Amino acid sequence: MHFSSGINRPPYEAMDGFLQVTSGCSHASCKFCTFYKDAPFAVSPMEEIEEDIKEIRDRGWKFQRIFLQGADPFILPYNKLMQVAELIHQYLPSVESIGGYARVDNVRNKTVEQLRRLAEVGYSNFYFGNESGDDKLLERMNKGYKAEVVVEQLSKLDEAGMKYIVNFLGGLGGYNYGLSHARESAKVINQLHPTLVYASELTLFPDTPLSKDKQKGLFAEATEVERLEEMYEFIRCLDIDTVFKAEHVTIPVPIRGKLPEDKQNMLELLQEQIDIAKEGGLDGFRKRVMSL
Ligand code: SF4
């Protein structure tokens, strides 16, 4: 198998087959990002992709889902994605769906009709790392698009009937910025229909531009209490039918539930944790997060 970086996947995709169709990230500029530093962006040749699919078949692995590798394999144009799906279904008949990580601007090069056909051949539940709906933050973190682009592009998936997941990155605004980040992010997501809202928390690692900003005094991290209050506000403001999960290694208190029916329980749990954190119960938690 060809893998330019280690396998990157969310916790829910542990049982998938992994296939590299792109390496690295087409953007590679987010200020907080630690991923794919070992691999410049590249599109895998179709011969290499076919070779890897055949290797999965020859090893006798029977996967229901393939999780494409690379930071944003959904950047591939429609025709190439259709070819990849055709090869997967030809050699791996047990596969029912194909996903991966994605950037919001990966949708730009596809029409609604093309997205509909991609959904029909099994593409579903890509994880879109939109992180925030706050334009000031998106710009500050070099995400490469504004909130209106998130709504515009992901609405195309809704129209096409392609399922998708959106990510919220707590703590992204740093000290004293959580409530705006929470409210603006919820405002964007409330215009969309993701199957899952998946939250994680900003954790700074050395050698990122954001860590350097911190050293220069240009960025201060949010406290653990602020992060919990931000998460509280984010969930409180979400008013769509979806599933919410915050269970990443960067989250001190795992939370999950269906919205809207479990909202009150999740908020009560968070309020308890806010009270504990105010007493110093989460002091030192973030220093213990060694990797993502
Ligand atoms: S899009 Fe994702 S992988 Fe690429 S630089 Fe930003 S956070 Fe990192």
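We count ligands from 1, going down the list as the structure has it; atoms in each ligand are counted the same way. Everything numeric in this text was worked out from a predicted model, so none of it was measured.
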Any side-chain hydrogen bond (donor to acceptor under 3.5 Å, both in side chains) pairs touching residues 138-150, not counting sequence neighbours?
Glu131-Lys143
Thinking salt bridges, do Glu113 and Arg116 make one under a 4.0 Å N-O criterion?
yes
Enumerate the protein N/O/S atoms at a distance below 2.8 Å from atom 4 (Fe) of ligand 1, ignoring waters.
Cys25 SG
Charged N to carboxylate O below 4.0 Å: is that the case for Lys187 and Glu184?
yes
Output every pair passing side-chain hydrogen bond (donor to acceptor under 3.5 Å, both in side chains) with a member in residues 62-76, not counting sequence neighbours, ordered by first then second residue.
Glu13-Arg65, Ser26-Asp72, Arg65-Ser97, Asp72-Asn106
Residues two or more places apart in sequence or in another chain: which of them pass side-chain hydrogen bond (donor to acceptor under 3.5 Å, both in side chains) with His2?
Asp52
State whether Arg236 and Glu233 are salt-bridged, where the test is any N-O pair (Lys NZ or Arg NE/NH1/NH2 against Asp/Glu carboxylate O) under 4.0 Å.
yes
